[in-house]
Amino acid sequence: TGGDGVVSVFPDPVLELHTTRSWDFLESDLGMKLSKTLIQHSSSDTIIAVIDTGIWPESPSFRDEGIGEIPARWKGVCMESHDFKKSNCNRKLIGARYYNIQAAPGSNQTHIEATKDSPRDSVGHGTHTASIAAGVYVNNASYYGLAPGTARGGSPSARIAAYRTCSEEGCSGATILKAIDDAVNDGVDVISISIGLSSLFQADFLSDPIAIGAFHAEQMGVMVVCSAGNDGPDPFTVVNSAPWIFTIAASNIDRNFQSTIVLGNGKYFQGSGINFSNLTHSKMHSLVFAEQVAAKFAPASEARNCYPGSLDYSKIAGNIVVCANDDPTVSRRIKKLVVQDGRALGLILIDEDNKDVPFDAGVFPFTEVGNLEGHQILQYINSTKNPTATILPTAEVARYKPSPIVASFSSRGPSSLTENILKPDIMAPGIGILAAMIPKSTEPGSVPIGKKPSLFGIKSGTSMACPHVTGAAAFIKSVHQNWTPSMVKSALMTTATNYNNLRKPLTNSSNYIADPHEIGVGEINPLRALHPGLVFETTMEDYLRFLCYFGYSQNKVRSMSKTNFNCPKNSSEDLVSNINYPSVSISTLKRQQKPKVITRTVTNVGSLNATYTAKVRSPEGLVVKVIPNKLVFSEGVQRITYKISFYGKEANGGYNFGSLTWLDGHHYVHTVFAVKVE
């Protein structure tokens with residue numbers, strides 16, 4: 001693009017929002033305990049930007065009692081509007097901005113009213129994500145009595161600045177780009193973005209507003225953490241996959257929300273879901289299968305899936321309806337509205353894919369079971385003259401095992417843009433997370449009778465996983481103030497946990513061992529990350545070389561980075577594997593070629609004198625060598641470069657996953673590799 005340094009002009013894309021036991025779970029079951037005082041004192045000067053749907057300033061999660069003066073370097077503002085005053089900001093919520101940017105001139109995108117001219121959250125998403133990252137301790141938090149306990153964020157004394165770029169309709173790319181630039185200039189340390197382009201419309205790096213904004217933030221020493229997307233479990237769905245972005249997958253935690261089905265024959269089934277129904281054990285209700293109560297002329301396939309207009313309302317009124325989910329185009333919310341509209345008493349959904357993610361049905365009796373239980377329920381209906389059932393209100397199941405498991409919805413790698421960077425990077429809790437919510441009750445039946453709208457909500461999504469990592473990164477940054485974003489990222493990645501609370505390898509929701517395209521390097525372990533021993537510093541030069549290798553012209557790279565960078569003479573896509581990243585991915589290793597060698601450099605941040613030894617785990621047939629396999633650090637030697645060679649003559653075709661761990665007796669520096677053999 002010619003002219004005045006505009007890198008790329010792209011139609012303004014509309015991005016989608018990626019929709020607290022979790023912190024205790026990360027620390028107790030998977031890590032080690034840490035004193036509250038250390039958390040309290042260390043992180044109070046860290047500033048987190050949350051670019052999202054705004055914030056609900058009255059939430060108890062954003063109170064500022066006991067928090068000191070606002071850091072002097074803060075240059076941000078608290079924008080006022082008809083429903084948001086300067087006094088809504090405090091020493092905790094130190095900044096709030098909103099945007100109303102028109103779509104780029106000449107773009108074919110109709111203008112979306114990106115906000116309603118206020119920093120106030122009207123969706124709840126931004127309030128929830130901000131409190132996960134940095135909410136203060138709030139005792140007796142619960143969602144109408146569910147998941148009771150003390151709510152807190154990952155960095156409870158860090159400051160929050162909210163940038164409202166999104167509304168119910170989505171987010172405009174130009175607005176997000178502006179918000180990232182504002183956040184950097186305002187003086188934040190970490191930026192949290194639970195938003196992304198749909199995986200169907202992925203733009204290349206220099207046409208993606210989040211990637212461009214994050215690049216500029218990284219140049220200024222500000223870390224950007226993004227959700228990986230909710231388009232799993234299909235491969236090639238991960239978004240926000242630039243190497244300078246920290247890309248987060250979602251897992252469950254050791255808590256589940258179950259609602260029990262009781263059949264007329266006395267059989268019980270544990271379903272998943274959140275409902276505050278008033279049905280009881282003592283009264284049974286008629287049970288019908290949606291396919292058998294189809295409306296006239298409605299195809300059976302539509303009726304069984306509870307399509308709008310497919311059911312005979314006279315046959316479902318007053319009954320509990322069983323719906324299938326062979327066709328995911330009709331969401332759980334729509335199925336619920338369809339049967340509710342027909343005045344049914346409740347809904348049992350048979351769905352193998354999403355049962356790990358509890359759906360919130362409010363006061364409507366709802367539960368969800370997998371195919372195994374579903375089959376038995378349908379058998380009962382077909383073999384009984386007057387089948388009956390009831391659905392009991394939700395109960396919380398604690399110490400749920402196994403956890404963490406990868407969420408079914410969590411977007412999977414490899415990245416569709418380049419398979420020479422391993423994405424997603426890491427996994428964090430994102431299922432059934434209790435956090436601050438806006439107390440609104442627009443949907444009838446969302447608030448139990450006699451209760452006030454809840455100040456907390458339970459939500460699931462990589463949107464919830466992302467701020468867990470933001471909070472952890474802010475916490476590490478507060479202890480290691482001079483660390484760059486790539487050092488913080490590396491510390492979290494090389495110390496991640498790769499086993500669950502049964503002390504077995506992490507699995508996915510289908511019970512298979514999870515691979516790095518699902519979980520990255522594993523589940524975050526914020527406390528171990530404080531002392532990683534060694535870190536991989538990914539420099540600005542690495543990122544610029546990445547853009548050259550990826551295929552951008554030198555002029556484009558210069559214009560984007562505002563530098564005079566010279567692209568290496570030999571710039572090809574397979575060299576991307578060589579940028580100094582904490583994980584390794586190789587898109588093609590030909591069986592007949594000689595070993596492929598890549599390099600990495602580690603920086604010692606532990607004790608001055610240390611000797612690390614390499615330990616390799618690789619699948620049968622893939623020969624992996626590390627040269628040197630001993631790293632000796634001393635006062636004069638802080639950085640050491642090593643080579644890893646991969647030889648695939650005997651290896652299985654397709655992706656081979658393994659790990660290289662550096663050990664010195666105190667630290668465990670774990671790196672993961674993904675090598676595609678052809």
Side-chain angles (χ1 to χ4, degrees), residues 230-234 250-275 277 287-292 301 303-306 320-336 339 346-361 364-383 387 389-410 412 430-432 458 460-461 500 502 504 506-514 518:
N230 299 330
D231 293 332
D234 295 336
S251 74
N252 75 340
I253 59 172
D254 60 346
R255 167 174 73 199
N256 204 6
F257 298 103
Q258 287 186 345
S259 56
T260 305
I261 302 165
V262 187
L263 298 182
N265 63 5
K267 272 204 173 148
Y268 283 64
F269 295 98
Q270 295 299 346
S272 111
I274 294 173
N275 81 70
S277 98
L287 183 64
V288 295
F289 180 36
E291 189 176 313
Q292 295 163 358
S301 63
R304 63 182 278 125
N305 280 287
C306 296
I320 291 176
V321 182
V322 179
C323 298
N325 195 34
D326 325 317
D327 178 354
T329 52
V330 183
S331 70
R332 298 186 281 193
R333 200 174 75 83
I334 305 241
K335 290 181 205 284
K336 180 198 132 187
V339 297
L347 166 60
I348 296 172
L349 179 61
I350 303 171
D351 178 7
E352 194 57 44
D353 288 343
N354 285 313
K355 67 177 197 290
D356 59 330
V357 186
F359 172 72
D360 184 354
F364 188 69
F366 166 91
T367 191
E368 184 169 1
V369 293
N371 294 338
L372 198 66
E373 300 87 346
H375 180 67
Q376 294 178 60
I377 293 169
L378 293 180
Q379 247 181 343
Y380 164 71
I381 291 178
N382 292 333
S383 63
T390 186
I391 298 170
L392 302 179
T394 298
E396 179 185 346
V397 180
R399 300 269 160 229
Y400 183 81
K401 294 182 164 88
S403 54
I405 60 173
V406 195
S408 52
F409 59 75
S410 188
R412 306 307 208 249
I431 291 182
I458 294 172
S460 301
N500 60 29
L502 297 170
K504 296 252 183 352
L506 295 178
T507 55
N508 57 28
S509 50
S510 312
N511 254 334
Y512 292 109
I513 288 186
E518 301 178 282

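Just one residue in the list Ile348, Ile320, Thr390 forms a side-chain contact (heavy atoms from CB on, under 4.5 Å) with Ile261, and that residue is Ile348.
Heavy-atom minimum distance, Ala324 versus Leu349: O-CD1, 3.7 Å. Here the closest non-hydrogen pair linking Asn371 and Glu352 is N-OE1, 2.7 Å. Nearest heavy-atom pair across Phe359 and Arg333 is CZ-CA, 3.6 Å. The two residues Ala407 and Ile431 come nearest to each other via the heavy atoms CB-CD1, 3.6 Å. Heavy-atom minimum distance, Pro393 versus Asn275: CA-OD1, 3.4 Å. Shown here for Cys306 and Ala290, the closest heavy-atom pair between the two residues is SG-CB, 3.6 Å.
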(message) For Asn508 and Arg412: C-alpha separation, side-chain torsions, deciding distance, then whether side chain to side chain contact (heavy atoms under 4.5 Å, CB included) applies.
(response) CA-CA 11 Å; Asn508 57 28; Arg412 306 307 208 249; 4.2 Å; yes
(request) Verify side chain to side chain contact (heavy atoms under 4.5 Å, CB included) between Val339 and Phe364, making sure each step is shown before the conclusion. (result) CA-CA 10 Å; Val339 297; Phe364 188 69; 3.9 Å; yes
(message) Evaluate Thr260 against Gln270 for side chain to side chain donor-acceptor pair (under 3.5 Å), listing each step before the verdict.
(response) CA-CA 5 Å; Thr260 305; Gln270 295 299 346; 3.1 Å; yes
(request) Test side chain to side chain contact (heavy atoms under 4.5 Å, CB included) on Lys335 and Asn325 and set out the steps. (result) CA-CA 9 Å; Lys335 290 181 205 284; Asn325 195 34; 3.2 Å; yes
(request) Please report the C-alpha distance between Phe366 and Ile391 in whole Å, then the side-chain angles of each, then the deciding distance to 0.1 Å, and finally whether the side chain to side chain contact (heavy atoms under 4.5 Å, CB included) criterion is met. (result) CA-CA 7 Å; Phe366 166 91; Ile391 298 170; 6.0 Å; no
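You'll find the side chain of Ile253 stays beyond 4.5 Å of the side chain of Ser403, heavy atoms only. Asn382 is listed as a side-chain neighbour of Gln292, based on a closest heavy-atom distance under 4.5 Å.
To the nearest 0.5 angstrom, Leu506 atom CG is 6.0 Å from Asn500 atom CG. To the nearest 0.5 Å, the span separating CG on Leu372 from CD1 on Ile377 amounts to 10.5 Å. We find the CD1-CG distance between Ile405 and Asn511 to be 7.5 Å, quoted to the nearest 0.5 Å. Atoms CG and CD1, from Asn305 and Ile350 in turn, are 10.5 Å apart once rounded to the nearest 0.5 Å. Note that OG1 of Thr394 is 8.5 Å distant from CZ of Phe257, once rounded to the nearest 0.5 Å. Atom CG of Asp326 is separated from atom CG of Asp351 by 9.5 Å, given to the nearest 0.5 angstrom.
With Ser277 contributing its side chain and Leu392 its backbone, the two residues share no donor-acceptor pair below 3.5 Å. A donor-acceptor contact shorter than 3.5 Å is absent between the side chain of Lys336 and the backbone of Asp360. With hydrogens and angles ignored, the 3.5 Å screen pairs no side-chain donor or acceptor of Ser410 with any backbone N or O of Glu518. No donor-acceptor pair under 3.5 Å is formed between the side chain of Arg255 and the backbone N or O of Glu396. Put simply, the side chain of Gln376 never gets that close to the backbone of Glu373: no donor and acceptor are under 3.5 Å apart.
The salt bridge (Lys or Arg N to Asp or Glu O under 4.0 Å) contacts involving residues 259-269 comprise nothing, where partners must be two or more places apart or lie in separate chains.
For the side-chain contact (heavy atoms from CB on, under 4.5 Å) test, residues two or more places apart in sequence or in another chain that qualify with Ile334 are Pro308, Val330, Ser331, Val338.
Side-chain polar atoms of Asp356 and Ser408 form a donor-acceptor pair below 3.5 angstrom.
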